[in-house]
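The chain is numbered in sequence order, starting from 1.
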Amino acid sequence: MAATYRKDPVKAVRGQAFIKPLHQYLGHDLDGRLTNFARNRGIKVRYEATILGSTKPKDVDVAVVDPDNGPLMLIGVRSQMSSVGKNVLEYYQGIVGEAVSLQERFPLTTLGYVYLHPWRSIKQDREREPIDHQRYARMYAAVSGRSGRDYKNVRGVFDEFAYMIVDFNRDPPLLRDDDMTHWGLDVDLSLGTFLDRMVAKFNSRLVFWDIFV
């Protein structure tokens with residue numbers, strides 16, 4: 001991902017060449033967790049699945065879809081590699097709006113999001129750009145952790161969230177999940193536990209079908 005971005009940052013982001021390996025990582029892991037029962041039902045992991053929200057269709061990056069019952073699990077993915085402070089609030093508003101739209105139409109679907117920021121910008125001439133990771137982690141924690149008996153009536157809060165802080169100046173790049181343990185967050189935002197948390201939450205709600213192992 002780092003090499004792709006450095007080669008041509010604009011092309012990498014606009015053409016999604018940079019972020020697609022992350023889509024594949026998440027989708028491959030979920031596919032490996034599907035049970036024989038799920039496969040026999042025709043449940044599949046799909047990429048860029050067009051899901052009809054309450055206001056408009058949304059291309060969801062990674063989706064687990066049942067042929068009869070629609071989306072069982074949806075995961076959005078976004079990266080911001082530069083101009084973070086300038087655009088982060090606009091994107092934050094956008095992903096919360098997406099959550100509201102999808103949850104209004106599919107309130108029982110397990111909804112997650114993965115958001116990536118660099119530890120330090122690697123875009124040429126932007127290397128000294130300040131990025132307030134602790135502040136952004138608190139923002140994402142505020143819209144994570146939809147739970148409780150009444151969870152299906154909650155809108156604009158994701159079931160689980162992962163905030164990826166990646167040091168692309170390391171070889172190989174270093175995922176800095178451990179940094180967030182010192183910030184007093186009341187939810188887990190680490191990528192290392194994200195899919196485990198998503199599957200555990202899904203399984204706790206759909207107790208009559210074994211979809212994931």
Taking side chain as C-beta onward, heavy atoms only, is [X] less than 4.5 Å from [Y]?
| X | Y | answer |
| --- | --- | --- |
| Leu185 | Arg138 | yes |
| Val88 | His117 | yes |
| Lys44 | Leu34 | no |
| Asp31 | Arg39 | yes |
| Trp119 | Pro173 | no |
| Tyr151 | Leu108 | yes |

Which heavy atom of [X] sits nearest to which heavy atom of [Y], and what is that distance?
| X | Y | answer |
| --- | --- | --- |
| Met164 | Leu22 | SD-CD2, 3.7 Å |
| Thr109 | Asp159 | O-OD2, 3.5 Å |
| Leu111 | Gln103 | CD2-NE2, 3.7 Å |
| Leu189 | Ala141 | CD1-N, 4.0 Å |
| Leu52 | Phe106 | O-CE1, 3.4 Å |
| Gly27 | Tyr47 | CA-OH, 3.3 Å |

Quiz item: Run the side chain to side chain contact (heavy atoms under 4.5 Å, CB included) check on Leu26 and Asp61 step by step: do they pass?
Solution: CA-CA 10 Å; Leu26 296 167; Asp61 299 301; over 6 Å; no
Please check if the number of heavy atoms outside [X] that lie under 6.0 Å from its [atom1] is greater than 12.
| X | atom1 | answer |
| --- | --- | --- |
| Asn153 | CG | yes |
| Arg176 | CZ | yes |
| Arg205 | CZ | yes |

Without placing hydrogens or testing angles, list every side-chain donor-acceptor pair under 3.5 Å for residues 90-100, not counting sequence neighbours.
from, atom 1, to, atom 2, distance (Å)
Tyr92, OH, Met139, O, 2.8
Glu98, OE2, Lys58, NZ, 3.2

How long is the straight-line distance from [atom2] of [Y] back to [atom1] of [X], given to the nearest 0.5 Å?
| X | Y | atom1 | atom2 | value |
| --- | --- | --- | --- | --- |
| Met198 | Phe212 | CE | CZ | 8.0 Å |
| Phe18 | Lys7 | CZ | NZ | 15.5 Å |
| Tyr5 | Met81 | OH | CE | 5.0 Å |
| Ser121 | Gln80 | OG | CD | 11.0 Å |
| Arg120 | Ile165 | CZ | CD1 | 10.5 Å |
| Leu30 | Tyr25 | CG | OH | 10.0 Å |

Quiz item: Which ILVMFWY residues are connected to Val157, directly or by a chain of links, through side-chain heavy atoms under 4.5 Å apart?
Solution: Val154
Do [X] and [Y] belong together in a cluster built from hydrophobic side chains that touch within less than 4.5 Å?
| X | Y | answer |
| --- | --- | --- |
| Leu195 | Phe158 | no |
| Val199 | Val65 | no |
| Tyr115 | Leu174 | no |
| Phe161 | Val166 | no |
| Trp183 | Ile131 | yes |

Practice problem: Measure up the Tyr140 and Tyr136 rings against each other and bin them: parallel (under 30°), tilted (30 to 60°), perpendicular (over 60°). | Solution: tilted
Is it true that a side-chain atom of [X] and a backbone atom of [Y] form a donor plus acceptor pair closer than 3.5 Å?
| X | Y | result |
| --- | --- | --- |
| Ser190 | Asp188 | no |
| Asp177 | Leu191 | yes |
| Glu129 | Val84 | yes |
| Lys201 | Arg146 | yes |

Let me have the donor-acceptor pairs involving side chains of residues 68-79, under 3.5 Å, with sequence neighbours excluded, atom names and distances please.
from, atom 1, to, atom 2, distance (Å)
Asp68, OD2, Arg41, NH2, 3.2
Asn69, ND2, Asp66, OD1, 3.0

Practice problem: Mind running side chain to side chain contact (heavy atoms under 4.5 Å, CB included) on Met1 and Leu116 for me, showing each step along the way? | Solution: CA-CA 12 Å; Met1 291 174 69; Leu116 185 154; 4.2 Å; yes
Self-check item: Distance-only donor-acceptor check, side chains Asp210 and Thr35, under 3.5 Å
Solution: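 Note: Asp210 and Thr35 side chains miss the donor-acceptor criterion.
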Quiz prompt | side chain to side chain contact (heavy atoms under 4.5 Å, CB included) evaluation trace for Ser101 with Lys56 | solution = CA-CA 8 Å; Ser101 177; Lys56 65 178 182 178; 5.6 Å; no
